[in-house]
Amino acid sequence: MQDAHGWRLEESIGSGTIIDPDGTILTCAHVVADFQSTKAVVRGKVSVTLQDGREFEGVVLNADRHSDIAVVKIKSKTPLPAARLGSSSRLQPGDWVVALGCPLSLQNTVTAGIVSCVDRKSSDLGLGGLRREYLQTDCAINQGNSGGPLVNLDGEIIGVNVMKVRNADGLSFAVPIDSVVKIVDNFKRNGRVVRPWLGLKMLDLNPMIISQLKEKSSTFPDVRKGVLVPMVTPGSPAEQAGFRPGDVVVEFGGRPVESIKEIIDIMGDKVGVPFKVLVKRANNVTATLTVIPEEADASR
(Lines give C-alpha, C1' and ligand atoms only; values in the text may rest on other atoms or scores of the structure.)
Protein backbone atom coordinates (compact mmCIF):
# COMPACT_ATOMS: atom_id res chain seq x y z
CA MET A 1 0.00 0.00 0.00
CA GLN A 2 1.04 3.62 -0.50
CA ASP A 3 0.46 6.38 2.04
CA ALA A 4 1.50 10.02 2.33
CA HIS A 5 5.01 8.99 3.43
CA GLY A 6 5.68 6.62 0.55
CA TRP A 7 5.47 2.85 0.25
CA ARG A 8 4.89 0.64 3.23
CA LEU A 9 4.60 -3.14 3.31
CA GLU A 10 1.57 -4.75 4.91
CA GLU A 11 1.86 -8.44 5.76
CA SER A 12 -1.42 -9.63 4.25
CA ILE A 13 -2.19 -12.37 1.76
CA GLY A 14 -5.44 -13.48 0.23
CA SER A 15 -7.10 -14.83 -2.87
CA GLY A 16 -9.23 -13.30 -5.58
CA THR A 17 -11.09 -14.02 -8.79
CA ILE A 18 -10.91 -12.27 -12.16
CA ILE A 19 -14.52 -11.50 -13.06
CA ASP A 20 -13.90 -9.43 -16.19
CA PRO A 21 -11.32 -9.87 -19.00
CA ASP A 22 -10.31 -6.21 -18.44
CA GLY A 23 -8.62 -7.23 -15.16
CA THR A 24 -11.35 -6.62 -12.61
CA ILE A 25 -10.72 -8.81 -9.56
CA LEU A 26 -13.12 -9.70 -6.76
CA THR A 27 -11.64 -10.24 -3.29
CA CYS A 28 -12.07 -9.45 0.42
CA ALA A 29 -11.77 -5.94 1.81
CA HIS A 30 -9.70 -7.04 4.81
CA VAL A 31 -7.10 -8.46 2.43
CA VAL A 32 -6.45 -5.24 0.49
CA ALA A 33 -7.55 -2.34 2.73
CA ASP A 34 -6.38 -1.16 6.14
CA PHE A 35 -9.55 -0.84 8.20
CA GLN A 36 -7.70 -0.43 11.48
CA SER A 37 -7.21 3.24 10.67
CA THR A 38 -10.04 5.76 10.89
CA LYS A 39 -10.33 6.07 7.12
CA ALA A 40 -10.47 3.18 4.69
CA VAL A 41 -7.64 2.87 2.20
CA VAL A 42 -9.08 3.12 -1.30
CA ARG A 43 -6.94 3.41 -4.44
CA GLY A 44 -4.20 1.69 -2.46
CA LYS A 45 -1.72 -0.52 -4.28
CA VAL A 46 -1.45 -4.28 -3.94
CA SER A 47 0.68 -6.97 -5.55
CA VAL A 48 -1.27 -9.46 -7.66
CA THR A 49 0.18 -12.79 -8.83
CA LEU A 50 -1.81 -14.82 -11.34
CA GLN A 51 -1.96 -18.59 -11.52
CA ASP A 52 0.43 -18.58 -14.49
CA GLY A 53 3.07 -16.74 -12.44
CA ARG A 54 2.67 -13.27 -13.95
CA GLU A 55 2.82 -10.40 -11.45
CA PHE A 56 0.93 -7.11 -11.63
CA GLU A 57 0.48 -3.99 -9.57
CA GLY A 58 -3.19 -3.80 -8.64
CA VAL A 59 -5.23 -0.77 -7.62
CA VAL A 60 -7.97 -1.09 -5.00
CA LEU A 61 -10.96 0.53 -6.72
CA ASN A 62 -13.46 0.02 -3.91
CA ALA A 63 -13.57 -1.67 -0.52
CA ASP A 64 -16.63 -2.06 1.70
CA ARG A 65 -15.90 -2.66 5.37
CA HIS A 66 -19.39 -3.91 6.23
CA SER A 67 -19.67 -6.68 3.62
CA ASP A 68 -15.88 -7.30 3.49
CA ILE A 69 -15.96 -7.16 -0.31
CA ALA A 70 -13.44 -5.29 -2.46
CA VAL A 71 -12.70 -4.78 -6.15
CA VAL A 72 -9.12 -4.60 -7.46
CA LYS A 73 -8.07 -3.68 -11.00
CA ILE A 74 -4.95 -4.77 -12.89
CA LYS A 75 -3.86 -3.80 -16.40
CA SER A 76 -2.91 -6.55 -18.82
CA LYS A 77 -1.85 -6.17 -22.45
CA THR A 78 -3.99 -9.17 -23.35
CA PRO A 79 -7.54 -10.09 -22.23
CA LEU A 80 -7.58 -12.23 -19.12
CA PRO A 81 -9.67 -15.36 -18.49
CA ALA A 82 -12.70 -14.49 -16.37
CA ALA A 83 -14.83 -16.68 -14.12
CA ARG A 84 -18.57 -17.08 -14.59
CA LEU A 85 -20.91 -15.83 -11.88
CA GLY A 86 -23.72 -18.14 -10.80
CA SER A 87 -26.73 -17.61 -8.53
CA SER A 88 -26.57 -18.27 -4.81
CA SER A 89 -30.38 -18.17 -4.54
CA ARG A 90 -30.53 -21.64 -6.15
CA LEU A 91 -28.33 -23.24 -3.50
CA GLN A 92 -29.76 -25.74 -1.05
CA PRO A 93 -28.27 -27.36 2.05
CA GLY A 94 -26.38 -30.46 0.97
CA ASP A 95 -25.22 -29.07 -2.38
CA TRP A 96 -21.58 -29.79 -3.17
CA VAL A 97 -19.25 -26.81 -3.48
CA VAL A 98 -15.53 -26.20 -4.04
CA ALA A 99 -13.34 -23.51 -2.44
CA LEU A 100 -10.29 -22.24 -4.34
CA GLY A 101 -7.44 -20.08 -3.09
CA CYS A 102 -3.94 -19.93 -1.70
CA PRO A 103 -4.17 -20.84 2.00
CA LEU A 104 -0.88 -20.41 3.86
CA SER A 105 0.61 -19.13 0.55
CA LEU A 106 0.02 -22.50 -1.14
CA GLN A 107 -1.26 -21.45 -4.55
CA ASN A 108 -3.89 -23.37 -6.52
CA THR A 109 -5.31 -25.16 -3.48
CA VAL A 110 -8.77 -26.67 -3.89
CA THR A 111 -10.99 -28.04 -1.11
CA ALA A 112 -14.46 -29.53 -1.40
CA GLY A 113 -17.47 -29.72 0.90
CA ILE A 114 -21.19 -29.21 1.17
CA VAL A 115 -23.43 -26.26 1.95
CA SER A 116 -24.67 -26.45 5.54
CA CYS A 117 -26.83 -23.31 5.57
CA VAL A 118 -27.76 -20.83 2.84
CA ASP A 119 -28.76 -17.90 5.07
CA ARG A 120 -26.67 -17.92 8.24
CA LYS A 121 -27.33 -14.58 9.98
CA SER A 122 -24.47 -12.40 11.22
CA SER A 123 -26.28 -12.21 14.57
CA ASP A 124 -26.03 -16.01 14.84
CA LEU A 125 -22.25 -15.61 14.70
CA GLY A 126 -22.18 -12.87 17.33
CA LEU A 127 -21.27 -10.20 14.79
CA GLY A 128 -22.61 -6.73 15.52
CA GLY A 129 -23.45 -3.90 13.15
CA LEU A 130 -25.80 -4.12 10.20
CA ARG A 131 -27.51 -7.35 9.23
CA ARG A 132 -25.62 -9.74 6.93
CA GLU A 133 -26.24 -13.26 5.65
CA TYR A 134 -23.63 -15.90 4.81
CA LEU A 135 -23.36 -19.26 3.12
CA GLN A 136 -22.06 -21.82 5.62
CA THR A 137 -19.97 -24.69 4.26
CA ASP A 138 -17.61 -27.34 5.60
CA CYS A 139 -14.90 -26.60 3.01
CA ALA A 140 -11.45 -26.28 4.56
CA ILE A 141 -10.69 -22.54 4.77
CA ASN A 142 -7.47 -21.12 6.23
CA GLN A 143 -5.48 -17.88 6.25
CA GLY A 144 -4.94 -16.89 2.62
CA ASN A 145 -8.28 -18.30 1.42
CA SER A 146 -10.01 -14.98 2.12
CA GLY A 147 -11.40 -13.46 -1.07
CA GLY A 148 -11.22 -16.70 -2.99
CA PRO A 149 -14.24 -18.09 -4.83
CA LEU A 150 -16.74 -20.65 -3.64
CA VAL A 151 -17.77 -22.54 -6.76
CA ASN A 152 -20.60 -24.91 -7.66
CA LEU A 153 -20.16 -28.09 -9.69
CA ASP A 154 -20.91 -26.17 -12.89
CA GLY A 155 -17.81 -24.05 -12.32
CA GLU A 156 -19.81 -20.91 -11.45
CA ILE A 157 -18.93 -18.62 -8.54
CA ILE A 158 -21.69 -18.72 -5.94
CA GLY A 159 -19.84 -17.02 -3.06
CA VAL A 160 -16.71 -15.25 -1.83
CA ASN A 161 -14.95 -16.95 1.08
CA VAL A 162 -14.52 -14.52 3.97
CA MET A 163 -13.90 -16.34 7.24
CA LYS A 164 -13.83 -19.48 9.33
CA VAL A 165 -14.48 -20.14 13.01
CA ARG A 166 -11.23 -20.57 14.90
CA ASN A 167 -10.63 -23.94 16.55
CA ALA A 168 -13.70 -25.35 14.80
CA ASP A 169 -13.53 -27.68 11.80
CA GLY A 170 -16.27 -27.58 9.20
CA LEU A 171 -17.46 -24.02 9.92
CA SER A 172 -16.57 -21.74 7.02
CA PHE A 173 -18.51 -18.78 5.66
CA ALA A 174 -18.88 -17.01 2.34
CA VAL A 175 -20.73 -13.93 1.11
CA PRO A 176 -23.45 -15.10 -1.35
CA ILE A 177 -22.69 -14.04 -4.92
CA ASP A 178 -26.15 -12.49 -5.32
CA SER A 179 -25.22 -10.05 -2.53
CA VAL A 180 -21.78 -9.47 -4.05
CA VAL A 181 -23.31 -8.53 -7.43
CA LYS A 182 -25.46 -5.87 -5.72
CA ILE A 183 -22.39 -4.54 -3.88
CA VAL A 184 -20.38 -4.28 -7.12
CA ASP A 185 -23.33 -2.52 -8.82
CA ASN A 186 -23.38 -0.03 -5.91
CA PHE A 187 -19.65 0.55 -6.38
CA LYS A 188 -20.27 1.40 -10.04
CA ARG A 189 -23.30 3.65 -9.43
CA ASN A 190 -22.42 5.39 -6.17
CA GLY A 191 -18.74 4.75 -5.55
CA ARG A 192 -19.75 3.05 -2.29
CA VAL A 193 -22.44 0.74 -0.94
CA VAL A 194 -25.59 2.66 0.00
CA ARG A 195 -27.72 0.88 2.59
CA PRO A 196 -31.10 2.24 3.69
CA TRP A 197 -31.77 2.27 7.46
CA LEU A 198 -35.19 2.21 9.09
CA GLY A 199 -34.37 1.68 12.76
CA LEU A 200 -36.43 -1.48 13.12
CA LYS A 201 -35.51 -4.76 14.75
CA MET A 202 -37.36 -7.35 12.70
CA LEU A 203 -38.19 -11.05 12.94
CA ASP A 204 -39.46 -13.38 10.21
CA LEU A 205 -42.71 -15.06 11.19
CA ASN A 206 -43.67 -18.66 10.55
CA PRO A 207 -46.72 -20.69 11.68
CA MET A 208 -44.93 -22.01 14.79
CA ILE A 209 -43.83 -18.54 15.96
CA ILE A 210 -47.28 -17.10 15.23
CA SER A 211 -48.94 -19.89 17.24
CA GLN A 212 -46.60 -19.27 20.18
CA LEU A 213 -47.23 -15.50 20.08
CA LYS A 214 -51.00 -16.07 20.04
CA GLU A 215 -50.68 -18.28 23.11
CA LYS A 216 -48.84 -15.50 24.92
CA SER A 217 -51.30 -12.78 23.90
CA SER A 218 -54.86 -13.20 22.65
CA THR A 219 -54.66 -9.74 21.06
CA PHE A 220 -51.91 -10.75 18.62
CA PRO A 221 -53.20 -10.02 15.08
CA ASP A 222 -54.58 -12.78 12.86
CA VAL A 223 -51.80 -13.17 10.29
CA ARG A 224 -50.41 -16.15 8.42
CA LYS A 225 -47.18 -14.47 7.41
CA GLY A 226 -45.32 -11.19 7.74
CA VAL A 227 -42.42 -9.59 9.61
CA LEU A 228 -42.71 -8.84 13.33
CA VAL A 229 -41.31 -5.60 14.78
CA PRO A 230 -40.17 -6.34 18.37
CA MET A 231 -38.31 -3.03 18.79
CA VAL A 232 -38.22 0.47 17.27
CA THR A 233 -35.08 2.61 17.65
CA PRO A 234 -35.85 6.00 19.28
CA GLY A 235 -35.41 8.91 16.89
CA SER A 236 -35.22 6.62 13.86
CA PRO A 237 -37.12 7.00 10.58
CA ALA A 238 -39.35 4.12 11.72
CA GLU A 239 -40.32 5.89 14.96
CA GLN A 240 -41.02 9.09 13.04
CA ALA A 241 -43.25 7.09 10.68
CA GLY A 242 -45.30 5.76 13.62
CA PHE A 243 -44.06 2.17 13.94
CA ARG A 244 -44.73 0.53 17.31
CA PRO A 245 -43.25 -2.58 18.95
CA GLY A 246 -45.56 -5.50 18.16
CA ASP A 247 -46.44 -4.32 14.65
CA VAL A 248 -46.52 -6.98 11.94
CA VAL A 249 -45.47 -5.73 8.49
CA VAL A 250 -47.61 -7.43 5.83
CA GLU A 251 -46.97 -5.09 2.89
CA PHE A 252 -43.96 -2.91 2.06
CA GLY A 253 -43.80 -0.57 -0.90
CA GLY A 254 -47.14 -1.92 -2.14
CA ARG A 255 -45.94 -5.54 -2.18
CA PRO A 256 -46.83 -8.36 0.23
CA VAL A 257 -43.83 -9.42 2.32
CA GLU A 258 -43.08 -12.37 4.57
CA SER A 259 -39.35 -11.99 5.21
CA ILE A 260 -36.80 -9.34 6.16
CA LYS A 261 -34.86 -10.14 2.98
CA GLU A 262 -37.85 -9.13 0.86
CA ILE A 263 -38.04 -5.75 2.63
CA ILE A 264 -34.30 -5.20 2.10
CA ASP A 265 -34.63 -6.14 -1.59
CA ILE A 266 -37.55 -3.74 -2.09
CA MET A 267 -35.61 -0.84 -0.54
CA GLY A 268 -32.46 -1.60 -2.56
CA ASP A 269 -30.26 1.50 -2.29
CA LYS A 270 -33.15 3.98 -2.13
CA VAL A 271 -32.39 6.55 0.59
CA GLY A 272 -34.76 9.49 1.14
CA VAL A 273 -37.51 7.76 -0.86
CA PRO A 274 -40.88 7.28 0.91
CA PHE A 275 -42.31 3.76 1.21
CA LYS A 276 -45.90 2.92 2.09
CA VAL A 277 -46.08 0.19 4.74
CA LEU A 278 -49.14 -1.79 5.80
CA VAL A 279 -48.96 -3.14 9.35
CA LYS A 280 -51.32 -5.15 11.53
CA ARG A 281 -51.53 -4.44 15.25
CA ALA A 282 -53.14 -5.90 18.35
CA ASN A 283 -56.83 -6.78 17.96
CA ASN A 284 -56.37 -6.79 14.15
CA VAL A 285 -56.07 -3.02 13.86
CA THR A 286 -54.65 -2.10 10.45
CA ALA A 287 -52.45 0.96 9.89
CA THR A 288 -50.79 2.43 6.81
CA LEU A 289 -47.49 4.18 7.51
CA THR A 290 -45.05 6.12 5.35
CA VAL A 291 -41.38 5.65 6.17
CA ILE A 292 -38.41 7.45 4.59
CA PRO A 293 -35.15 5.46 5.01
CA GLU A 294 -31.89 7.18 5.94
CA GLU A 295 -28.46 5.97 4.87
CA ALA A 296 -27.20 3.37 7.31
CA ASP A 297 -24.24 4.03 9.56
CA ALA A 298 -22.28 0.79 10.01
CA SER A 299 -21.26 1.91 13.52
CA ARG A 300 -24.87 1.76 14.73
Side-chain angles (χ1 to χ4, degrees), residues 14-15 17 26-31 35 64-70 85-101 103 111-153 156-184 186 193 195 197 200-209 225 227-228 230-231 257-267 296 298 300:
S15 307
T17 311
L26 195 61
T27 186
C28 272
H30 76 261
V31 170
F35 286 137
D64 180 56
R65 180 200 307 258
H66 173 69
S67 63
D68 201 6
I69 293 297
L85 302 185
S87 174
S88 50
S89 63
R90 300 175 185 173
L91 282 177
Q92 295 182 350
D95 284 352
W96 281 93
V97 288
V98 174
L100 294 87
T111 60
I114 61 169
V115 175
S116 308
C117 181
V118 296
D119 57 354
R120 181 68 69 203
K121 310 293 188 296
S122 55
S123 56
D124 296 341
L125 304 176
L127 302 175
L130 302 173
R131 173 190 172 92
R132 288 148 291 175
E133 291 186 348
Y134 298 100
L135 302 174
Q136 180 182 329
T137 76
D138 67 348
C139 292
I141 299 293
N142 291 287
Q143 183 179 1
N145 269 117
S146 293
L150 189 69
V151 180
N152 63 19
L153 297 188
E156 300 168 331
I157 301 177
I158 46 85
V160 175
N161 298 312
V162 292
M163 62 181 168
K164 65 170 288 186
V165 175
R166 286 185 180 179
N167 303 321
D169 294 329
L171 291 177
S172 303
F173 301 92
V175 180
I177 197 63
D178 292 354
S179 299
V180 174
V181 168
K182 292 177 183 177
I183 291 165
V184 174
N186 264 255
V193 180
R195 296 181 177 89
W197 178 69
L200 292 175
K201 184 175 182 180
M202 296 184 283
L203 174 70
D204 291 344
L205 292 178
N206 59 42
M208 297 300 294
I209 295 176
K225 57 186 179 180
V227 178
L228 178 66
M231 187 179 76
V257 292
E258 52 184 292
S259 70
I260 302 169
K261 186 177 183 302
E262 289 177 338
I263 293 176
I264 293 173
D265 288 343
I266 291 170
M267 287 193 294
R300 282 190 180 110

Quick check: do [X] and [Y] have side-chain heavy atoms less than 4.5 Å from each other?
| X | Y | value |
| --- | --- | --- |
| S146 | M163 | no |
| V227 | L203 | no |
| P176 | R132 | no |

Original post:
For I183 and V193, which heavy atoms make the closest approach, and how far apart are they?
Top reply: CG2-CG2, 3.6 Å

Subject >> Nearest heavy atoms of P103 and N145, plus distance in Å >> reply: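 Looking at all heavy atoms of both residues, the closest pair is CB-OD1, 3.2 Å.
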
So, [X] side chain and [Y] main chain: donor-acceptor pair closer than 3.5 Å or not?
| X | Y | value |
| --- | --- | --- |
| E156 | N152 | no |
| S172 | C139 | yes |
| D178 | S89 | yes |
| T27 | S15 | yes |
| D95 | Q92 | yes |

First locate atom [atom1] of [X], then atom [atom2] of [Y], and finally report the distance between them rounded to the nearest 0.5 Å.
| X | Y | atom1 | atom2 | result |
| --- | --- | --- | --- | --- |
| S116 | L135 | OG | CG | 10.5 Å |
| D119 | S88 | CG | OG | 11.0 Å |
| D64 | N186 | CG | CG | 8.5 Å |
| N161 | F173 | CG | CZ | 11.5 Å |
| K164 | D138 | NZ | CG | 12.0 Å |
| I157 | L150 | CD1 | CG | 9.5 Å |

**OP:** Determine, stepwise, if the pair S179 / K182 fulfils side-chain contact (heavy atoms from CB on, under 4.5 Å).
**Re:** CA-CA 5 Å; S179 299; K182 292 177 183 177; 5.8 Å; no

Original post:
With sequence neighbours excluded, what pairs up with D204 under the side-chain hydrogen bond (donor to acceptor under 3.5 Å, both in side chains) test?
Top reply: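 Scan of D204 (side-chain hydrogen bond (donor to acceptor under 3.5 Å, both in side chains), adjacent residues dropped) gives none.
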
**OP:** Please list, chain by chain and in numerical order, all residues satisfying side-chain hydrogen bond (donor to acceptor under 3.5 Å, both in side chains) with Q136, sequence neighbours excluded.
**Re:**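 Q136: side-chain hydrogen bond (donor to acceptor under 3.5 Å, both in side chains) contacts with R120.
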
**OP:** Apply salt bridge (Lys or Arg N to Asp or Glu O under 4.0 Å) to K261 and list each qualifying residue two or more places apart in sequence or on a separate chain.
**Re:** D265

**OP:** Could you give me the CA-CA distance, side-chain angles and deciding distance for I114 and V97, then say whether side-chain contact (heavy atoms from CB on, under 4.5 Å) is met?
**Re:** CA-CA 6 Å; I114 61 169; V97 288; 5.9 Å; no

Original post:
Is there a side-chain contact (heavy atoms from CB on, under 4.5 Å) between Y134 and V162 once you walk through the steps?
Top reply: CA-CA 9 Å; Y134 298 100; V162 292; 4.0 Å; yes

Original post:
When you look at I177 and L26, which way does the side-chain contact (heavy atoms from CB on, under 4.5 Å) test go after all the steps?
Top reply: CA-CA 11 Å; I177 197 63; L26 195 61; 4.3 Å; yes

